[in-house]
Amino acid sequence: MTIRVIIVDDQAMVRAGFAALLAAQSDIDVVGEAPDGTKGVEVSRSTHPDVVLMDVRMPEMDGLDAARALLDPPPGVVHRPKVLMLTTFDVDDYVYEALRAGASGFLLKDAPPADLISAVRVVASGEALLAPSVTRRLIADFAKQRSAPRKDALRLNGLTPRETEVLVLIARGLSNQEIAERLVLAEQTVKTHIGRVLNKLDLRDRAQAVIFAYESGLVTPGEQ
């Protein structure tokens, strides 16, 4: 299946470079581009991409507001693409808020070309793109600045002990394989537990699960 992508960035050279790189892949089709968030939302609504590469800082409408518009659309709009945030900063409160809003991850603009291609494929498949060293630090830094909402902490009561354990390990940056090894489980069993965690907590993906674990107080910044 071909992955449909649009690129939203205020720098024409960036858009052109990313478009050329992605269009050269047999399984990726670049179906549109836009120079700001407002036009990005319009292009997304008309082309129905699978993945939107969204710059964080842009004129007219920044990437955060555009991501919110795409991920929480008004009544009557059914299409909700995966959003991959692009940033030149490895710690940015805009990126944190975008992850909270439902973005599937973020990528540094100076990442190697292979990482961009891989990121599009990962996000399109329904997984969250978490670069553990950067993403965990970003989430921990901003989560500790906020008091844990009580309603979030109470939602943890709906999880089984095993599901809670899996959520903690997700928040600590472990992959499915690493969680399976830690808990002596089959990797497919881990995937089943993760699916149940996301469903019970009404979370879109792994990125939101990590944020929830910190903001609910289940995981404390600095814990190992």
Side-chain angles (χ1 to χ4, degrees), residues 1 3 27 50-54 67-68 70-72 79-85 95-107 115 117-144 146 148-224:
M1 185 182 74
I3 303 168
D27 60 336
D50 300 301
V51 178
V52 177
L53 292 180
M54 181 79 73
R68 285 174 173 154
L70 293 175
L71 296 169
D72 187 18
H79 179 254
R80 291 202 304 176
K82 304 293 184 181
V83 176
L84 180 61
M85 305 302 296
V95 177
Y96 175 80
E97 292 299 337
L99 292 173
R100 291 188 75 209
S104 294
F106 75 95
L107 190 71
D115 286 3
I117 297 167
S118 175
V120 168
R121 289 171 176 155
V122 167
V123 170
S125 72
E127 294 293 326
L129 184 75
L130 295 177
S133 62
V134 175
T135 306
R136 285 174 60 213
R137 185 176 78 247
L138 181 150
I139 292 171
D141 283 349
F142 286 97
K144 69 185 178 184
R146 295 163 165 79
R150 292 300 92 196
K151 64 178 181 179
D152 282 354
L154 290 174
R155 285 163 64 192
L156 290 168
N157 295 335
L159 302 182
T160 66
R162 178 62 86 188
E163 289 164 354
T164 301
E165 198 171 11
V166 168
L167 178 56
V168 168
L169 296 178
I170 291 173
R172 291 177 179 166
L174 274 67
S175 66
N176 288 358
Q177 182 178 347
E178 291 168 336
I179 294 173
E181 292 172 355
R182 177 76 65 89
L183 300 181
V184 194
L185 297 171
E187 191 169 342
Q188 184 57 49
T189 302
V190 171
K191 291 180 180 179
T192 298
H193 283 310
I194 292 173
R196 288 173 178 165
V197 167
L198 297 179
N199 184 59
K200 287 183 177 181
L201 297 178
D202 192 25
L203 303 172
R204 281 173 61 90
D205 56 29
R206 207 180 186 99
Q208 285 199 320
V210 174
I211 290 173
F212 180 91
Y214 278 103
E215 292 196 333
S216 66
L218 178 64
V219 175
T220 302
E223 276 186 342
Q224 296 298 322

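If you take CG on L156 and CG on L167, they are separated by 7.0 Å, rounding to the nearest 0.5 Å. Annotation: the span from R182 atom CZ to L174 atom CG amounts to 5.0 Å, rounded to 0.5 Å. Atoms CD and OG, on Q208 and S104 in that order, are 8.5 Å from each other to the nearest 0.5 Å. Taken from CD in E165 to CG in L185, the straight-line distance is 8.5 Å, to the nearest 0.5 Å. Atom CD1 of I170 is separated from atom CD of E178 by 12.0 Å, given to the nearest 0.5 angstrom.
When every heavy atom of R206 is checked against every heavy atom of N176, the shortest pair comes out as NH1-OD1, 2.8 Å. Between D205 and A103, the shortest heavy-atom distance links the atoms OD2-O, 4.0 Å.
Partners of E187 according to the salt bridge (charged side-chain N to carboxylate O under 4.0 Å, His left out) rule, which considers only residues two or more places apart in sequence or in another chain, do not exist here. Residues that satisfy the salt bridge (charged side-chain N to carboxylate O under 4.0 Å, His left out) test with D27, not counting sequence neighbours, are R121.
The shortest side-chain heavy-atom distance between L107 and L53 does not fall under the 4.5 Å cut-off. Using a 4.5 Å cut-off on side-chain heavy atoms (C-beta onward), V219 and V210 make no contact. Counting heavy atoms from C-beta on, the side chains of K82 and D50 never come closer than 4.5 Å.
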Would you please test L70 and M54 for side chain to side chain contact (heavy atoms under 4.5 Å, CB included) and show each step?
CA-CA 11 Å; L70 293 175; M54 181 79 73; 3.8 Å; yes

Can you list the steps and then say if V52 with L84 is a side chain to side chain contact (heavy atoms under 4.5 Å, CB included)?
CA-CA 6 Å; V52 177; L84 180 61; over 6 Å; no

Under 3.5 Å, which donor-acceptor pairs link side chains of residues 191-200 to any protein atom two or more places apart or in another chain?
| from | atom 1 | to | atom 2 | distance (Å) |
| --- | --- | --- | --- | --- |
| T192 | OG1 | Q188 | O | 3.1 |
| K200 | NZ | G158 | O | 3.3 |
| K200 | NZ | E163 | OE1 | 2.9 |
| K200 | NZ | E163 | OE2 | 3.4 |

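Between the side chain of S216 and the backbone N or O of F212, at least one donor-acceptor pair lies under 3.5 Å.
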